[in-house]
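Let me begin by presenting the structure, written as structure tokens, before commenting on it.
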Amino acid sequence: MPTGSNLLSALQAAGQPVSWSCRAGQCQSCLVQAPAQAIPAAAQRGLTPQQQAEGWLLACQCSVEHDMQLTLHDPASDGLPAQIESLERLPGDILVLRLRPLRPLRYQAGQHLTLWLSPQLGRSYSLASLPTEPLLEFHLQLHEGGAFSNQIRQAELGQRLYLGAATGHLCYDPAWHDRPLLLLARGTGLAPLQALARDALRQEHAAPIHLWHWSAAEQDCYLQQPLRELAASAPSLQLHLRTRAQFDTDLRALRIGSRNSLALLCGSPGFIEQLRRPLFMAGLAGRQIIDEAFLAPQLG
Ligand code: FES
């Protein structure tokens, strides 16, 4: 491989069956392993300490600087097997997928992982469940013509798939106990943030939690009923379930109740960019804004 070339591109040019999806270091579908070798730090960003210690790296984030001995990721041997327990279709082409892992998965509410349907077909999704719950839940936005969407539409109960390691920073920190939380999501960005809200309530978060959700289309929030039931039993949780058409108006009216607030954002990169300035103008510093973007259209 020529020095300075991108490892993923080089592997593809060499005809290696390496998987990929985002090319942005987010989905972890391009994992390769180079044990006991020098690995650029950028190629391990976002991986768990265990993955890093085992020599895993993201090929799309690796610039080739020297010869490397590589092993391609094999979900069937490197991943965690799980079987499909339920498939529930919701309005807006959303699929709620519930899995039973065959071994315990270590994760925090709000993190994400790669779901592998086959060795070459993996996509990153946020966990919508809590670690205290027996099943793992994911909310998948299905895309017309998407390779993963097409296959998961045909999946059957009991079917086995494989999971990567859970990662991501969109998790509740008990140190936030007295800080108002502003959770802002569009579409299935709601999956991690409703999990985070439930985790915060479980840990007896003391300050108000405002959960804003804008449906991706002109329809009701796909989790409207369970969220309203949750809010009815948790007075500190305030729901703002809105439609896409109300987004601009809502942004203009956005107010922060306390300068001590934290804002957590999940949705497309464009959604997150649209929120940054209004949050800043409302009085939040950059360190008070925690976001995670997903690249949904490409990932479908
Ligand atoms: S393709 Fe490399 S992390 Fe997504």
Side-chain angles (χ1 to χ4, degrees), residues 1 4-35 37-65 68-76 78-80 105 107 110-127 138-143 145-152 161-170 187-189 191-192 266-272 291-300:
M1 299 176 200
S5 60
N6 176 268
L7 179 57
L8 176 59
S9 301
L11 289 169
Q12 289 175 316
Q16 294 294 324
V18 60
S19 169
W20 65 277
S21 179
C22 70
R23 285 187 178 272
Q26 293 186 6
C27 72
Q28 295 197 10
S29 59
C30 64
L31 279 172
V32 295
Q33 193 177 27
Q37 294 167 66
I39 298 172
Q44 292 193 310
R45 198 164 292 142
L47 301 187
T48 66
Q50 183 176 347
Q51 286 175 309
Q52 294 183 20
E54 291 173 354
W56 291 104
L57 64 128
L58 300 172
C60 74
Q61 299 300 299
C62 184
S63 171
V64 179
E65 302 300 338
M68 299 176 89
Q69 297 290 323
L70 299 172
T71 305
L72 298 183
H73 181 262
D74 178 2
D78 300 319
L80 170 64
L105 172 74
Y107 73 99
Q111 288 194 306
H112 58 86
L113 54 71
T114 305
L115 295 179
W116 297 92
L117 283 172
S118 69
Q120 264 71 55
L121 188 55
R123 296 289 185 271
S124 180
Y125 290 101
S126 293
L127 286 141
F138 302 86
H139 302 165
L140 282 56
Q141 179 68 64
L142 301 178
H143 298 285
F148 196 95
S149 297
N150 287 346
Q151 283 210 20
I152 199 72
L161 39 69
Y162 296 90
L163 313 177
T167 185
H169 56 270
L170 213 57
T188 51
C266 190
S268 67
F271 168 74
I272 286 170
D291 64 69
E292 196 151 83
F294 54 73
L295 307 174
Q298 299 93 308
L299 294 180

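Computed from a predicted structure; not experimentally measured. Just so you know, ligand 1 is whichever comes first in the structure, and atom 1 is the first atom listed for that ligand.
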Please identify which atoms of ligand 1 are closer than 4.0 Å to at least one heavy atom of [X].
X   : value
C60 : 1 (S), 2 (Fe), 3 (S)
G25 : 3 (S)
Q26 : 3 (S)
S21 : 1 (S)

> So which heavy atom on S268 is nearest to which on A293, and how close?
Replying inline: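 Closest heavy-atom pair between S268 and A293: C-CB, 4.3 Å.
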
> At their closest point, which heavy atom of I272 faces which heavy atom of C266, and how far apart are they?
Replying inline: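 Result for this residue pair: CD1-CA, 4.5 Å.
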
> When you measure from atom 2 (Fe) of ligand 1 to every protein heavy atom, which one gives the shortest distance, and what is it?
Replying inline: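 The closest heavy atom on the protein side is C30 SG, 2.3 Å.
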
> Is a donor on one side and an acceptor on the other found under 3.5 Å between the side chain of T188 and the backbone of A191?
Replying inline: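 Side chain of T188 to backbone of A191, a donor-acceptor pair under 3.5 Å: no, none is there.
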
> Between the side chain of Q44 and the main-chain N/O of L57, is any donor-acceptor distance below 3.5 Å?
Replying inline: no

> Taking it one step at a time, do S124 and H112 satisfy side-chain hydrogen bond (donor to acceptor under 3.5 Å, both in side chains)?
Replying inline: CA-CA 7 Å; S124 180; H112 58 86; 3.3 Å; yes

> Taking 2.8 Å as the cut-off, does an N/O/S atom of C27 lie below it from atom 2 (Fe) of ligand 1?
Replying inline: no

> Counting heavy atoms only, which of R23, Q28, R123 comes nearest to atom 3 (S) of ligand 1?
Replying inline: Q28

> Relative to each other, are the rings of W56 and H73 parallel, tilted or perpendicular (30° and 60° limits)?
Replying inline: perpendicular

>> Any N/O/S atom, side chain or main chain, of C22 closer to atom 4 (Fe) of ligand 1 than 2.8 Å?
In response: yes

